[in-house]
Amino acid sequence: MKVLFTGIQPTGLLHIGNYYGAIRNWVELQHKYKSYISIVDLHAITIAYDPEDMRKNVFDLALGLFACGINLERTILFIQSEVPGHAELTWTFNSITPLGELERMTQFKDKAGQHRKNVNVGLLDYPVLQAADILIYKGEIVPVGEDQVQHVEFTREVARRFNARYGDTFPECQAELTANPRIMGIDGSAKMSKSKGNFIGILESREEIWNKLAPAPTDPARVKRSDPGTPEKCNIYSYHQVVTPEPELTRYIAHGCRTAGIGCLDCKRKLLDNLMQVLDPIRERYHDLSGKKKEIRNILDRNAEACRKVSGQTILEVKEKMGLTPVWKV
Ligand code: AQP
């Protein structure tokens, strides 16, 4: 069975961009591959944060992922900082990574722009840690949203470089995208993102979501109810394409928009109904799981232990190949 690895940052509430752009895929793929999913807290500390929030966010994220359908039997869900090998492998990869490659990364440039007062080395080194996350389990399949594809390409390059210098060790992984790899934020101007505050959270109530949807921009051509529009220019329609399960209903909405047969508010109400059909059960499962904190903590402990074992073997192999074998072994 091929190994799947993916990660998610505990930086706040899960949103529908995470769900439709990535998590839904993880739920499906866990039946096909040996799956590791990491709550990547070491990545999350590269931006300013409150330690108390971090502890809470990590646990909430574990609950959220289980509520979305990550299966306890099929997936090893674990907390990155509980497995020291990730940081150790990062250091060895640092020594084969040209600085210029990291400086060119789109996410680094974006985040450095967003956090001008805190452009730390961790922010720059983020892709190297991500490469270590994946390769320490010899991951081959990396299901992510479109924003992470460049980092997966970079990981392939790290594996190639390491293998060329020290001998065949790591597979060349590939990114696996969903049908909707880039969900836009509620105002349609940038990708949906926790830090930009332009998201619909998967645990939000019907009312909270409606308060975001109702004022959200649609096709600017539709000023009055009777104005025809172009669905492809409407962000709400792009959500329908992701959320609305029946193609017939999506076609009906597209037709209604073109012919002014349906108003933008009605279109949003239909979207809300369809969205709540998916989110209501997730929220219920989340609340059920909130009462089982001890069991969840035990699972995370067990999983971290399993990961320390597997990653420890890779670290030994890497050290041996790099001439870092302890003297007592020579
Ligand atoms: N808008 C999105 N569309 C599709 N996929 C997305 N992902 C995130 N946003 C979208 C994918 O979700 C997975 C986990 O994301 P993450 O939290 O680790 O990464 P992120 O991109 O940093 O999430 P945010 O919400 O965008 O956080 P900030 O605001 O900190 O940048 C990844 O597979 C990601 O591709």
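Counting starts at 1 for both ligands and their atoms, in listed order. The figures here come from the full heavy-atom set of this structure, side chains too, leaving out hydrogens, waters and symmetry mates.
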S.K.: Among protein heavy atoms, which lies nearest atom 30 (O) of ligand 1, and at what distance?
M.R.: K111 NZ, 3.1 Å
S.K.: Considering only protein heavy atoms, which is closest to atom 34 (C) of ligand 1, and at what distance to one decimal place?
M.R.: D147 OD1, 3.5 Å
S.K.: Tell me the protein heavy atom at minimum distance from atom 8 (C) of ligand 1, and give that distance in Å.
M.R.: N18 ND2, 3.2 Å
S.K.: For atom CZ of F59, decide whether the heavy atoms of other residues, nucleotides or ligands shown that lie under 6.0 angstrom number more than 12.
M.R.: yes
S.K.: Looking at R104 and E157, does any basic side-chain N land under 4.0 Å from a carboxylate oxygen?
M.R.: no
S.K.: Please state whether the rings of F93 and F170 are parallel, tilted or perpendicular, taking 30° and 60° as the class boundaries.
M.R.: perpendicular
S.K.: Measuring from the heavy atoms of M184, does anything fall under 4.0 Å of ligand 1?
M.R.: no
S.K.: Looking at atom 9 (N) of ligand 1, what's its closest protein heavy atom, distance included?
M.R.: K191 NZ, 3.3 Å
S.K.: Tell me which protein heavy atom sits closest to atom 23 (O) of ligand 1, plus the residue, atom name and distance to 0.1 Å.
M.R.: K194 NZ, 3.8 Å
S.K.: Would one find an N or O of G145, backbone or side chain, under 3.5 Å from an N or O of ligand 1?
M.R.: yes
S.K.: Hey, is ligand 1 close enough to Q148 that some N/O pair sits below 3.5 Å?
M.R.: no
S.K.: Is a donor from one side chain sitting under 3.5 angstrom from an acceptor on the other, for T325 and E320?
M.R.: no
S.K.: Near W91 CH2, under 6.0 Å, is it more than 12 heavy atoms from other residues, nucleotides or ligands?
M.R.: no
S.K.: Are Q107 and ligand 1 in contact, using a heavy-atom cut-off of under 4.0 Å?
M.R.: no
S.K.: So which protein heavy atom does atom 18 (O) of ligand 1 come closest to, and at what separation?
M.R.: Q9 N, 3.0 Å
S.K.: What part of H15 sits under 4.0 Å from ligand 1 if we count only heavy atoms: the side chain, the backbone, both or neither?
M.R.: side chain
S.K.: Of L316, I136, L89, which is the lone residue that meets side-chain contact (heavy atoms from CB on, under 4.5 Å) with S311?
M.R.: I136
S.K.: For atom 13 (C) of ligand 1, find the nearest protein heavy atom and state the residue, atom name and distance (0.1 Å precision).
M.R.: A22 CB, 3.8 Å
S.K.: Would you mind listing which atoms of ligand 1 come within a distance below 4.0 Å of any non-hydrogen atom of P181?
M.R.: 3 (N), 4 (C), 5 (N)
S.K.: Is the cationic atom of K321 (NZ for Lys, CZ for Arg) positioned less than 6.0 Å from the six-membered ring centroid of F162 and within 45 degrees of its normal?
M.R.: no
S.K.: Would you say S193 and ligand 1 have an N/O pair spaced under 3.5 Å apart?
M.R.: yes
S.K.: V144 heavy atoms, cut-off 4.0 Å: which ligand 1 atoms fall inside?
M.R.: 33 (O)
S.K.: Are D60 and K56 close enough for a salt bridge, meaning some N to O gap below 4.0 Å?
M.R.: yes
S.K.: For E146, is at least one N or O under 3.5 Å away from an N or O on ligand 1?
M.R.: no
S.K.: Under 3.5 Å, N or O to N or O, is I8 touching ligand 1 that way?
M.R.: no
S.K.: Does the pair R258/E232 count as a salt bridge with the N-to-O cut at 4.0 Å?
M.R.: yes
S.K.: Examine the side chains of H151 and Q148 and answer whether a donor and an acceptor come within less than 3.5 Å of each other.
M.R.: yes
S.K.: For atom 6 (C) of ligand 1, find the nearest protein heavy atom and state the residue, atom name and distance (0.1 Å precision).
M.R.: G17 O, 3.6 Å
S.K.: Using the six-membered ring wherever Trp is involved, compare the ring planes of Y126 and H43 and label them parallel, tilted or perpendicular (cut-offs 30° and 60°).
M.R.: tilted
